[in-house]
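Only heavy atoms go into these numbers, but all of them, side chains included; no hydrogens, no water, no symmetry mates. Throughout, a chain's letter reflects where its sequence line sits, starting with A, and its residues are numbered from 1.
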Amino acid sequence: MVEPNREPIVDDVTQDRGVTEGGATATLTREDFVSDQEVRWCPGCGDYAIMAAVQGVMPELGIPREKMVWVSGIGCSSRFPYYMNTYGIHGIHGRAPAIATGVATARPDLSVWVVTGDGDGLSIGGNHLIHALRRNVNLKILMFNNQIYGLTKGQYSPTSEIGKVTKSTPFGSLEHPFNPVSIALGAEASFVARTLDVERKHLPEVLRRAAAHQGSAFIEIYQNCNIFNDGAFIALTGKEGRSANRIYLEHGKPIVFGANHEKGVRMTQEGRCEIVNVADVGEDKLLVHDEHRDDPSLAFALSRVADGPTGPTPLGIFRDVQRPVYGEGIEQQLRRASESQGPGDLEKLLATGDTWTVN
Amino acid sequence: MVEPNREPIVDDVTQDRGVTEGGATATLTREDFVSDQEVRWCPGCGDYAIMAAVQGVMPELGIPREKMVWVSGIGCSSRFPYYMNTYGIHGIHGRAPAIATGVATARPDLSVWVVTGDGDGLSIGGNHLIHALRRNVNLKILMFNNQIYGLTKGQYSPTSEIGKVTKSTPFGSLEHPFNPVSIALGAEASFVARTLDVERKHLPEVLRRAAAHQGSAFIEIYQNCNIFNDGAFIALTGKEGRSANRIYLEHGKPIVFGANHEKGVRMTQEGRCEIVNVADVGEDKLLVHDEHRDDPSLAFALSRVADGPTGPTPLGIFRDVQRPVYGEGIEQQLRRASESQGPGDLEKLLATGDTWTVN
Amino acid sequence: MSQQAPPQEDATGRKELDRVVIRFAGDSGDGMQLTGDRFTSASAIFGNDLATFPDYPAEIRAPAGTLAGVSAFQVHFADFDILTPGDQPNVLVAMNPAALKAHLKDLLPGGLLIVNSDAFDERNLEKVGYSANPLTDGSLAGYQFFEIPMTKLTVEAVKGSGVNKKEAERSKNMLALGVICWMYGRPLEPTVAWLEKKFSKKPNIADANIAALKAGHAFGETAELSAYSVKPAVLAPGNYKRITGNQALAYGLIAASVQSKLPLFLGSYPITPASDILHELSRHKNFGVRTVQAEDEIAAAGMALGASFSGHIGVTTTSGPGLDLKSETIGLALSMELPMVIVDIQRGGPSTGLPTKTEQSDLLHAMYGRHGEAPLPIVASYSPSSCFWAAIEATRIALKFMTPVILLSDGYLANGAEPWRIPAIEKLPDLTVKFASQPNVGDDFWPYLRDDDTLARPWAIPGTPGLQHRLGGLEKADGTGNISYDADNHQLMTDLRQAKIKAIEEDIAPLEFDADDGATVLILGWGSTYGAIGAAVRRIRARGKKIARAHLRHLNPFPKNTEEVLRRFDKIVVPEMNMGQLSKLVRSEFLIPTININQVKGLPFRAGDLENRVLEIIDG
Amino acid sequence: MSQQAPPQEDATGRKELDRVVIRFAGDSGDGMQLTGDRFTSASAIFGNDLATFPDYPAEIRAPAGTLAGVSAFQVHFADFDILTPGDQPNVLVAMNPAALKAHLKDLLPGGLLIVNSDAFDERNLEKVGYSANPLTDGSLAGYQFFEIPMTKLTVEAVKGSGVNKKEAERSKNMLALGVICWMYGRPLEPTVAWLEKKFSKKPNIADANIAALKAGHAFGETAELSAYSVKPAVLAPGNYKRITGNQALAYGLIAASVQSKLPLFLGSYPITPASDILHELSRHKNFGVRTVQAEDEIAAAGMALGASFSGHIGVTTTSGPGLDLKSETIGLALSMELPMVIVDIQRGGPSTGLPTKTEQSDLLHAMYGRHGEAPLPIVASYSPSSCFWAAIEATRIALKFMTPVILLSDGYLANGAEPWRIPAIEKLPDLTVKFASQPNVGDDFWPYLRDDDTLARPWAIPGTPGLQHRLGGLEKADGTGNISYDADNHQLMTDLRQAKIKAIEEDIAPLEFDADDGATVLILGWGSTYGAIGAAVRRIRARGKKIARAHLRHLNPFPKNTEEVLRRFDKIVVPEMNMGQLSKLVRSEFLIPTININQVKGLPFRAGDLENRVLEIIDG
Ligand SMILES: Cc1ncc(C[n+]2csc(CCOP(=O)(O)OP(=O)(O)O)c2C)c(N)n1
Ligand SMILES: Cc1ncc(C[n+]2csc(CCOP(=O)(O)OP(=O)(O)O)c2C)c(N)n1
Ligand code: SF4
Ligand code: SF4
Ligand SMILES: [Mg+2]
Ligand SMILES: [Mg+2]
């Protein structure tokens with residue numbers, strides 16, 4: 001009864017108009033993913049660039065729009081689902097990973113994406129985030145990190161730097177920030193990546209990789225809030241910084257960066273990643289990145305190369321390993337149960353146990 | 001006005017009976033920390049051993065009982081405060097770190113301890129825990145990890161192993177567990193340790209170190225629930241396991257273990273900790289533990305030596321570094337403010353801004 | 001009461017009684033819950049009507065021998081249909097001094113008292129502050145009193161089954177059960193069979209328990225304890241099953257899933273006394289039931305909401321503290337107008353309160369416990385077996401009106417057991433829903449284009465081509481569902497949300513009432529006071545007084561005829577296990593005065609107490 | 001209305017008006033809030049009485065030129081004491097077509113309309129669906145209408161201040177302000193001074209804005225725009241300060257801290273419209289105010305609770321969604337009987353609702369939004385400046401009765417500004433508390449040994465030798481505070497918790513009412529409807545009708561004389577910005593029928609609407 005129970009939901013209704021329509025077989029374009037809703041971000045907001053990248057990549061995935069659900073919390077970033085011509089939930093503050101877990105475990109046939117902010121995802125929503133990652137629910141989680149609370153007009157967030165002066169910290173913040181990649185790895189995440197709103201090529205590529213990953217994918221996207229935290233990522237986006245400070249992680253390749261790849265990352269005996277001049281140590285001594293290492297220690301060490309986006313900062317995929325996917329496990333148990341015990345029979349269920357007959 | 005404002009609270013009342021009475025100067029005994037409340041744990045519960053250790057160490061700290069506050073959530077473990085003859089709050093499920101943060105930031109003069117469980121601290125309370133660690137609030141957090149929900153009669157917890165059959169998972173749990181030490185390190189914790197309920201010497205020593213640490217200290221204590229998860233730590237407590245599987249971390253010493261120290265831990269080029277035969281690699285190749293390394297990568301790598309307490313498992317202090325303490329930062333800002341602006345003057349406050357006079 | 005009437009003897013020479021109330025009391029470790037449960041099962045199969053009331057401490061196993069550690073189970077069985085587990089026991093089984101101290105005060109004068117004399121040693125007596133040994137100081141003169149060295153007898157009996165001393169002593173509850181089974185002529189077979197099944201993997205434990213059981217039975221016979229019989233009750237013909245409220249509730253949810261052809265999704269976080277619903281549902285995966293133990297109640301509700309959005313019956317189960325945490329998510333479901341069922345098994349509050357005790361004090365919280373104007377339907381079960389109905393009804397309303405629904409039960413119903421006449425599947429309502437499958441405005445799909453009758457919005461689920469839409473908690477324009485800050489639209493949506501809930505009164509059964517003609521006093525109840533009120537009404541009538549009673553199963557909206565029913569009577573008496581929450585709703589809704597009978601003790605009403613209070617009102 | 005009466009001329013030849021309502025409307029990016037704020041400040045200093053109403057979208061800056069992006073600020077200033085920001089403006093400043101489209105409908109017939117003609121280009125007109133240009137199609141005939149090329153004039157004016165074009169154009173709001181200042185004879189100095197201070201670090205920005213301001217003033221003069229004057233209001237003598245509700249509330253909390261000699265601890269999580277309290281309080285560290293921006297609302301409440309336990313005034317501030325999340329922690333504070341203040345700045349609900357709009361729909365949630373029997377006091381502010389009183393009163397009750405107290409304000413009060421007569425410090429109540437310092441039962445300390453009058457328990461804080469004790473959410477034995485599952489004790493504690501809150505009625509001011517003799521209709525209000533009701537009452541009286549009004553500042557418990565006051569009148573009219581929440585409380589408490597006037601539009605009542613509705617009731 002599992003199948004009969006679940007399947008109809010999808011089929012009944014899809015039959016009517018034929019799954020193919022706007023479906024996998026029909027090739028979709030960028031525009032197909034643009035909703036009719038008026039976009040309400042501030043002019044110049046980094047969210048625009050991210051949306052463009054997403055809407056550019058979606059058609060490539062060959063997933064029909066109706067099979068896609070975008071879930072978010074509350075925040076400027078969390079308005080995202082309204083702008084996607086897919087199914088979507090603009091949830092409540094911090095709860096997107098939980099709501100999305102419901103969608104993904106109820107309906108493994110869907111492609112479920114989460115958009116959250118540094119406040120939504122790491123402040124009020126931190127617990128749901130780490131548990132979704134731990135369970136390896138099949139969610140693609142995009143965290144727009146602008147290191148500020150945008151929608152509430154500029155208070156510091158869990159990723160704001162110490163000393164930051166904001167509306168709620170006129171004398172400077174006293175809180176040591178989270179390193180989102182570190183906390184995700186500490187939470188057993190099977191896929192962890194970082195990219196930048198202005199990355200025309202890198203961002204889409206990371207999205208593709210996340211989509212391809214089985215299980216939960218966590219992507220930290222540095223996003224400029226030009227109203228309340230303008231220039232937070234200038235070290236990575238500014239002219240010189242751009243080449244000097246972006247450390248692109250590439251699987252199987254030694255980690256080098258700098259205008260002429262003159263800099264590199266080396267692993268010390270005590271398992272710490274340090275930045276070196278390639279010339280000094282020689283290319284062969286450089287750390288070769290391995291996304292697929294089962295042990296997350298390497299990825300974690302890499303996440304500590306930069307505590308904040310103020311100097312050389314690794315971008316790309318820190319970790320991408322296979323783990324059982326939560327929703328699939330549930331499906332299996334359902335299938336096994338109905339195979340072993342036979343599909344659920346209500347009459348039988350009620351009639352078993354401490355029963356007797358009165359005539 | 002900061003001082004006048006805060007100080008009286010403590011003094012007014014303490015003067016009356018003289019701080020010394022039951023105070024630092026008077027030497028306290030174990031019994032002084034035993035409350036008059038009837039202990040209500042199951043006979044044989046690991047919580048008894050932990051309580052004994054705690055009540056044994058407290059007198060050594062030279063902190064008067066009235067300056068101590070024990071805060072907990074809900075769970076068998078969380079009954080702990082009732083049994084301590086100190087101030088205490090038996091809070092609500094998962095919120096102890098938040099409540100304790102209120103106590104510690106309001107009253108830096110107090111010694112604040114938190115007792116939580118694997119469900120209380122890592123399931124419902126996960127977010128408060130990681131934020132308390134991130135902020136480095138001056139809290140000593142004892143997490144009794146019995147890998148089960150005890151008080152609610154045996155459901156799996158975020159630290160239960162995959163496949164665990166419990167009341168709520170009759171077909172086995174599908175959830176990948178947290179590694180409490182890893183998540184704490186990912187959350188920027190400045191002090192992270194692990195010990196065992198039955199460790200007569202080790203547990204007290206870890207408690208002393210935690211007490212000495214400035215800021216938040218997180219201690220995972222493996223605790224046997226003999227009713228719902230008996231033997232969960234048998235690999236570490238059983239006869240042979242005891243010597244074979246307990247890896248004691250000691251600062252500045254190469255990491256060795258086994259009955260005759262025949263085993264050791266080595267750091268690979270890719271920053272992974274692997275277990276080796278000392279004979280094979282030679283003692284000099286072994287990893288030398290460094291609690292005080294600023295970069296948490298080493299501690300993290302060590303936390304991955306064992307995903308669960310089923311084989312060789314590191315015990316001891318993974319990390320102990322100095323970071324600004326959250327509460328102290330606040331005190332400083334208050335002091336600076338009243339120094340620079342002068343102590344708060346209500347009349348002046350009300351009279352400034354858009355004001356005018358009508359006669 | 002049967003004790004008064006001169007008892008007959010049956011064929012086997014047993015004194016016939018019409019009803020008996022037995023309370024088993026011992027240490028948390030003594031297995032009293034299991035003992036009571038087994039006796040109940042045997043009595044059910046024997047054909048008595050029955051009702052049970054487990055009463056145990058919040059701690060798992062407080063230290064042996066302490067008052068805090070006492071656990072009790074009361075069973076009421078009779079040869080006629082009964083309504084409550086009985087006010088006071090006429091038989092008390094006390095396994096140790098603590099149990100005696102805690103429960104003797106409830107035993108009826110002249111009642112039967114059976115104690116395990118082995119447990120009455122110095123230490124145990126001291127632990128609970130007995131200066132003298134009650135077994136010997138004559139303080140038990142007022143009862144028929146038997147002391148049995150249960151521990152010794154048990155250890156004796158189980159010799160050879162190869163269990164160690166500790167395990168041997170653990171079987172003493174079975175010895176006690178054996179004694180009681182003999183006294184009330186219950187067959188041992190069901191229990192033996194059950195023990196063999198339960199301990200199939202540990203045969204020697206099974207043997208020990210069976211040996212103890214039989215030894216107890218034999219002891220009763222040889223010691224010539226007085227023997228009684230309680231005839232089977234004449235219940236309506238049909239198949240019966242002994243069921244607890246939580247079990248019935250779980251079955252009801254499964255039934256709703258089957259009847260609606262929608263999969264059931266439970267997002268839950270363990271909490272007493274609701275956890276057993278999670279446990280029960282996670283056992284029925286072959287029904288396609290998905291259960292997720294969430295990281296907390298907020299996540300549990302969020303997951304249920306996500307599942308509802310995706311076309312499942314999203315359910316979340318909890319108790320008071322969890323309901324607090326779910327409020328915000330319930331508000332979102334209400335604003336998204338998604339079908340969702342929130343089950344609250346009420347317990348003693350406020351705060352952590354009395355986790356294992358019962359109370360009815362979440363009604364106003366269910367009604368108003370969300371910010372903003374946020375009305376939703378409330379359904380309440382009123383007996384263990386009615387939880388089955390309530391689960392189906394709550395789901396029916398949720399699906400038909402596209403709204404979250406709160407189902408209120410309580411600890412007393414959750415853990416209490418009673419015989420349930422298994423309903424015929426054909427008789428269950430058809431809950432089939434029709435998902436939206438086509439655009440409803442030209443080529444567009446408007447998620448808030450409402451049904452004229454129910455005001456429900458269409459339910460278009462992911463996977464449906466062309467109906468992509470986005471919902472959230474910001475105010476929505478009626479029809480399109482787009483974000484709208486328009487002033488008049490907000491008024492309209494607020495009115496519509498209220499009207500939709502109000503409209504449900506057209507869809508639910510009218511309030512039934514049972515009145516003697518000429519009765520001027522109506523007892524109005526809701527929830528688990530049903531049985532106690534019923535028993536009180538019987539007693540009042542037995543005294544030749546006129547009385548009327550009605551019991552609300554829908555708390556929001558009220559059945560359409562509620563005011564009309566209330567206005568038929570001069571006095572409306574509202575007994576509640578709270579400080580008067582239904583009464584507040586009735587007063588503000590109808591401006592009708594109420595006379596409140598409130599009890600907030602963590603325990604159900606005693607029929608006798610209710611009887612007296614109501615008689616005063618009738619006469620006074 | 002002044003527009004009707006033939007206006008006088010003052011010495012300077014300006015037409016005298018008694019009151020004016022100006023609405024500034026433009027893009028979120030146009031700085032309308034700041035413009036209105038500055039004009040208000042100038043008018044305040046000039047000596048008018050005034051009231052303001054900011055109205056902006058939930059988005060930070062919706063795309064330029066869209067309706068969604070329009071932000072408005074209304075200010076009402078007069079030469080007499082006024083009560084509201086005015087129903088409809090008689091002056092509208094529209095910086096772009098979107099602003100015109102959104103607000104023209106509110107402008108009074110014949111009203112003054114000033115637009116920035118530079119913004120009326122094709123694209124902008126199109127964006128809001130203007131087919132024809134309203135400036136030229138004669139559709140504005142019904143108004144006194146001036147178009148000013150503000151952008152051009154500004155760019156012209158700021159040449160030389162060395163700012164770039166973008167920055168230059170940004171100053172056009174100051175040009176508009178200059179024009180209005182000239183028209184209503186407001187001095188420029190205060191604004192100039194303010195600009196210099198604000199941009200002290202960016203002198204060229206300051207210069208540009210000042211240049212624009214003066215240019216606007218000059219333009220008004222040269223273009224000979226009609227010039228008006230509104231004399232200073234005759235307010236009671238004293239020092240005045242223009243203050244918003246949130247600012248007053250923050251000051252009130254600081255005052256409570258000073259008056260109680262207890263440090264103030266705020267645990268808060270940002271949320272509209274409450275965030276400004278957190279912002280304000282975090283600026284006053286020299287008062288020893290500790291502010292923590294918590295990870296969420298639950299933590300914020302938990303931190304406040306921890307601080308209260310430690311001897312601070314624990315406060316947490318939020319809005320509806322946050323109040324949902326705090327319910328469980330509030331229940332714990334209530335069970336621990338700790339003094340704590342929970343501030344809820346109500347906004348449009350349910351769920352995320354209308355974050356920047358006002359509503360009164362959390363009253364029942366505040367009253368019943370916790371599981372179990374969990375009563376607590378509720379205080380409500382009723383005008384921006386009354387938030388100062390409310391904060392002190394809420395703290396006073398919390399400290400005296402050892403209980404959490406909920407303070408209800410709303411978005412309209414929070415952001416609205418009015419002149420506030422600065423109170424004399426000596427007049428503020430003394431809130432000194434006495435902590436427990438000695439054992440109270442022999443050598444023991446019993447944390448639940450209550451005060452006979454207040455029923456408050458003693459407050460013993462960490463650091464006090466010998467008084468170590470442990471509190472939690474499980475039910476406590478009265479007196480000792482030890483965990484107790486005893487049935488009668490639970491009833492007792494439940495009764496005591498309720499009695500303690502009820503007893504507060506003895507401690508609060510009776511309900512005042514203002515009635516014409518012979519009045520049969522009473523308008524009963526609470527919260528921010530105060531001003532609108534007051535204005536409506538004036539109008540009703542101006543029509544020679546008899547009316548009475550009373551306004552509740554304590555919602556739980558009600559003042560002791562409430563029923564007595566209500567029973568003096570035939571009809572009780574209850575206007576609320578909800579669906580009738582106070583009315584529900586009144587009906588269930590007193591069984592008195594009410595006539596409800598409900599508006600749920602995210603906007604305050606218009607005095608005119610209230611007037612008409614009430615007149616119907618009086619006449620009909
Ligand atoms: C329960 C609740 N608390 C607080 C808020 C107010 N709030 C809305 S968004 C937000 C934070 C936004 O920051 P972030 O998640 O970083 O998103 P951003 O706006 O920066 O993209 C807050 C505090 C809310 N809507 N709900
Ligand atoms: C809000 C809330 N949700 C759920 C519960 C029920 N509950 C009490 S303790 C507990 C978990 C206990 O597990 P753990 O924290 O590991 O403590 P242990 O009993 O194992 O020591 C739960 C789910 C509660 N009391 N409050
Ligand atoms: S406030 Fe910042 S994050 Fe939000 S929309 Fe504007 S620029 Fe983007
Ligand atoms: S249930 Fe387990 S954890 Fe709880 S008290 Fe008993 S043994 Fe200890
Ligand atoms: Mg942000
Ligand atoms: Mg546990």
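Within residues 127-143 of chain B, the residues that have a heavy atom under 4.5 Å from a heavy atom of chain D are N127(B), H128(B), H131(B), R135(B), listed by number.
Of all heavy-atom pairs between S308(D) and I313(D), the closest is OG-C, 4.5 Å. Nearest heavy atom pair, residue F218(B) against residue P180(B), reads CE2-O, 3.8 Å.
Using a 4.5 Å cut-off between heavy atoms, M84(B) contacts chain D through its backbone alone, with no side-chain atom that close. Of the two parts of I92(B), the backbone and the side chain both hold a non-hydrogen atom closer than 4.5 Å to a non-hydrogen atom of chain D. Residue contact with chain D, scored on non-hydrogen atoms closer than 4.5 Å, is absent for R336(B). Interface residue L346(B): backbone and side-chain heavy atoms are both found under 4.5 Å from chain D. For A236(D), the part lying under 4.5 angstrom from a heavy atom of chain B is the backbone only. With a 4.5 angstrom heavy-atom cutoff, Q341(B) touches chain D via backbone and side-chain atoms both. Residue contact with chain B, scored on non-hydrogen atoms closer than 4.5 Å, involves the backbone and the side chain of Y240(D) alike. Of the atoms belonging to T329(D), heavy atoms from both backbone and side chain fall under 4.5 Å from chain B.
The cationic group of R38(D) lies under 6.0 Å from the six-membered ring centre of W194(D) and within 45° of the ring axis, placing it in a cation-pi geometry.
Atom CG of D443(D) has 12 or fewer neighbouring heavy atoms from other residues, nucleotides or ligands inside a 6.0 Å radius.
Proximity of T464(D) to F435(D): side-chain heavy atoms (C-beta onward) are nowhere separated by under 4.5 Å.
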